[in-house]
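Within every chain, numbering begins at 1; the chains are lettered A, B, ... in the order of the sequence lines, protein sequences first and strands thereafter.
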Amino acid sequence: MEAEDEGDDQVLPDLPNADDYDEVRMRAAPNPNGPWHIGHARMPAVIGTYKDLYDGSFVLRYDDTDPETKRPDLEAYDAILEDVHYLGFEPDEVITASDRMETYYDHAREVIEMGGAYTCSCSGEAFSELKNAGEPCPHRGKDVETTREEFEAMVDGEYSSGEMVLRIKTDIEHKNPALRDWVAFRMVDTPHPRPEAEDYRAWPMLDFQSGVDDHLTGVTHIIRGIDLQDSAKRQQFLYDYFGWDYPEVVHWGHVQVDAYDVKMSTSTLKEKIDAGELDGWDDPRAPTLKSLRRRGIRGSAVVDAMLELGTSTSDVDLSMSAIYANNRDIVDDESDRYFFVRDGERFAVEGGPDAGHPALHPDHEERGDRTVPVTGGVVVEPDDVPAEGDRTWLKGYGCVRREGDALVHTDDSIEVVRSGDVDVVHWAPAEDNVTVRMRTMEGDVTGVAEPDFADTDADDVVQFERLGFVRVDGHDGDSRDADGDESVVYWAHK
RNA sequence: GCUCUGGUGGUGUAGUCCGGCCAAUCAUAUCACCCUCUCACGGUGAUGACCAGGGUUCGAAUCCCUGCCGGAGCACCA
């Protein structure tokens, strides 16, 4: 398959040996132990894009084979699928490893019959010592019959955790100790959280489960992190037993994201949420996809930033500014403008018209303008308050001069702004305005917005002029973060 | 200790396989100016990088060697 030539738009490198396959097929294989953080977006972003590029397909596979240490979170299965949708992709197939236990057992039995595996009751430490010395453990020479029986006993749950494992026989003297006789199945006493899988006790390890599934689901290209660099080499032994061809593999480094105080790790996030330090997975301070979505950042802005990272094996730092720049590009044109004033200082306005009429969008006059009344006085941010006797330009209204507690309308034309003599500021009515809570990564900010802001809908992204873009979460107390009947917005970026 | 694997401006990336067109691409960032009734958008310009040292060569980001620094695996986690 040739990559569709989309000109220079393709930011990703070509997949290795793509034309050796009828169809490029990939997989995302997350452990469903929580909603996704930003870093998780890389996998669907890249394989989803390759899918489009090569007219291929991808499988979403939940690798939920550790009921204990990386215990699956039942809500995460759907949460992850939602996150994939948010990013703009649709898996061609969704499968769950814990549904496929019999398949793994059957394949284990096959390997056992071939003499490619043996049950082992060595303690982890004891085996490790032998392995590091390049020496086989006493169980390695077991006959097939014994291994067969002991494996069935494992499947039947007759051992407890730590008592028995099934090892794949590789090369006990392999120069890389990481590849020597690795564990394929182990006992786990804790029942799996999914009712469908709660009776299983003998669980496959990633290298076995993933290796079998990749082949059985027709995966041609595996993309994964450098932490799994040795996996392909381990699994190669398994593939050799079965006579399978190993898929093409691309390894990439880890991603760090700047701008967050909170560590980008599912378990850390879970702890912070449980401890009440974060309001939830979509807290603006959380580096999660749910948080970005709530802040009005489009999935494609995240995807594009991920694609720009490429697939190099070195660790990379993702700048949130890259995501913001992409998002600004998307939302700037569609976002209507409104005034929002924090910590406003109140002034009466004297001598001018009753209201200002700034445009909803400077590039789209056809959208009309807003009506911002001044008759009940206005509020201006402290930094924007002119010194006594100085002028300022209330955007969309006109020029005023500070006279004590009043802003007196002058008849200056816009020329005073063009010449640079007078600054333009945003402002809001002191009465009949909209109380707004703005949730940001640094905490909540409160203030008031102009009345027309109430016309926006939840989920709209608007720009608070001179401040930045926000997503409307709800008006009149509709947001779950609202205190009383205030409106709530989530800060996106400047 | 053993085994993998990397190191291009603040960040990411192109170029590295097949040395010259690289006084190094593009994006983002930062700054300045222009535009503008926003500190947005748009435009122009500037800043800023080949880890270090040797070697091969007429010529090295690219090949070789050494060193330095980093990441990963050696789990009954994924």
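Comparing B:U25 with B:U8, their C1' atoms sit 11 Å apart, to the nearest whole Å. Between B:A40 and B:U13, the two P atoms lie 28 Å apart (nearest whole Å). Rounded to whole Å, the C1' atom of B:A52 lies 7 Å from the corresponding atom of B:C68. A gap of 14 Å separates the P atoms of B:G6 and B:C51, to the nearest Å. Rounded to whole Å, the separation between the C1' atoms of B:A61 and B:C22 comes to 8 Å. Between B:C64 and B:C2, the two P atoms lie 23 Å apart (nearest whole Å). Comparing the P positions of B:C39 and B:C33 gives a spacing of 12 Å, expressed to the nearest Å. Atom C1' of B:U47 sits at a distance of 32 Å from the matching atom of B:C37, rounded to the whole Å.
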Dot-bracket for RNA chain B, please. Rules: Watson-Crick or G-U, both distances under 3.5 Å, ( ) within the strand, [ ] when a pair crosses earlier ones, | for another strand, . otherwise.
(((((((..(((.......[.....)))((((((.......))))))...(((((..]....))))))))))))....
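A:T313 is linked by a side chain to side chain donor-acceptor pair (under 3.5 Å) to nothing, counting only residues two or more places apart in sequence or in another chain. Partners of A:E271 by side chain to side chain contact (heavy atoms under 4.5 Å, CB included), not counting sequence neighbours: none found. The ring-ring contact (aromatic ring centres under 6.0 Å, His included) search around A:H409 returns A:Y397, not counting sequence neighbours. Scanning for side chain to side chain contact (heavy atoms under 4.5 Å, CB included) contacts around A:D329 gives an empty result, with sequence neighbours left out. For A:F185, the ring-ring contact (aromatic ring centres under 6.0 Å, His included) partners two or more places apart in sequence, or in a different chain, are A:Y105, A:F151, A:F208. Every side chain to side chain donor-acceptor pair (under 3.5 Å) that A:K395 has, sequence neighbours left out, goes to A:E465. In terms of the side chain to side chain donor-acceptor pair (under 3.5 Å) criterion, residue partners of A:D99 (sequence neighbours excluded) are, by chain and number, A:R194.
The distance from the CD atom of A:E381 to the NE2 atom of A:H426 is 4.0 Å, given to the nearest 0.5 Å.
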Could you write out each protein N or O paired with an N or O of nucleotides 34-37 of chain B at a distance under 3.5 Å?
from	atom 1	to	atom 2	distance (Å)
B:C37	OP1	A:R418	NH2	3.1
B:C37	OP2	A:R418	NE	3.2
B:C37	O2	A:W393	NE1	3.0
B:C37	O2	A:G396	N	2.8
B:C37	N3	A:W393	NE1	3.2
B:C37	N3	A:G396	N	3.1

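Distance A:E381 CD to B:C39 C1': 12 Å, rounded to the nearest Å. Look at CG on A:D317: it is 19 Å from P on B:U28, rounded to the nearest Å. When the P atom of B:U38 is taken as reference, atom CH2 of A:W427 falls 15 Å away, rounded to whole Å. Going from atom NZ of A:K233 over to atom C1' of B:C2 covers 13 Å, rounded to whole Å. As rounded to whole Å, 18 Å separates atom P of B:U11 from atom CE of A:M306. Atoms CZ (A:F340) and P (B:C39) sit 19 Å apart, rounded to a whole Å. Rounded to whole Å, atom C1' of B:G12 lies 13 Å from atom CG of A:L12. One interatomic measurement links the two molecules: CD1 of A:I323 to P of B:G12, which rounds to 14 Å at whole-angstrom precision.
Among the protein residues, A:P358 comes within range of no part of the nucleic acid, since none of its heavy atoms lies under 4.0 Å from any strand. Among the atoms of the strands shown, base atoms are found under 4.0 Å from some heavy atom of A:R337.
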Taking only distance into account, with no hydrogens and no angle test, what donor-acceptor pairs under 3.5 Å do side-chain atoms of residues 250-258 of chain A form with protein atoms, sequence neighbours excluded?
from	atom 1	to	atom 2	distance (Å)
A:H251	ND1	A:G225	O	3.3
A:D258	OD1	A:M320	N	2.9
A:D258	OD2	A:S319	OG	3.2

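Counting distance only, with no hydrogens placed and no angle test, the side-chain atoms of A:Q463 and the base atoms of B:U38 include a donor-acceptor pair under 3.5 Å.
Contact annotation: A:R328 side-chain N/O to B:C41 OP1/OP2 distance is under 4.0 Å. Taking side-chain N and O atoms only, A:S312 has no distance below 4.0 Å to OP1 or OP2 of B:G12.
Along RNA chain B, the nucleotide nearest to A:K494 and the one nearest to A:A305 differ in position, and the one closer to the 5' end is contacted by A:A305. Two residues, A:H426 and A:S319, neighbour RNA chain B, and the one matched to the more 5' nucleotide by heavy-atom proximity is A:S319.
Sorted by first and then second residue, the salt bridge (Lys or Arg N to Asp or Glu O under 4.0 Å) pairs with a member in residues 175-184 of chain A read A:R140-A:D181; sequence neighbours excluded.
Between the side chains of A:D64 and A:S98, at least one donor N or O sits under 3.5 Å from an acceptor N or O.
Because its NZ or CZ atom is not both nearer than 6.0 Å to the ring centre of A:F340 and within 45° of the ring axis, A:R466 does not count as a cation-pi partner of that residue.
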Which letters describe nucleotides 68-78 of chain B, given B = protein heavy atom under 4.0 Å from base, S = only from sugar-phosphate, - = neither?
---BSBBSBBB
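Although no hydrogens or angles enter the test, the distance criterion places a donor-acceptor pair under 3.5 Å between the side chain of A:R234 and the main chain of A:A178.
Here the nucleotide nearest the side chain of A:D329, chosen from B:C39, B:G42, B:A40, is B:G42.
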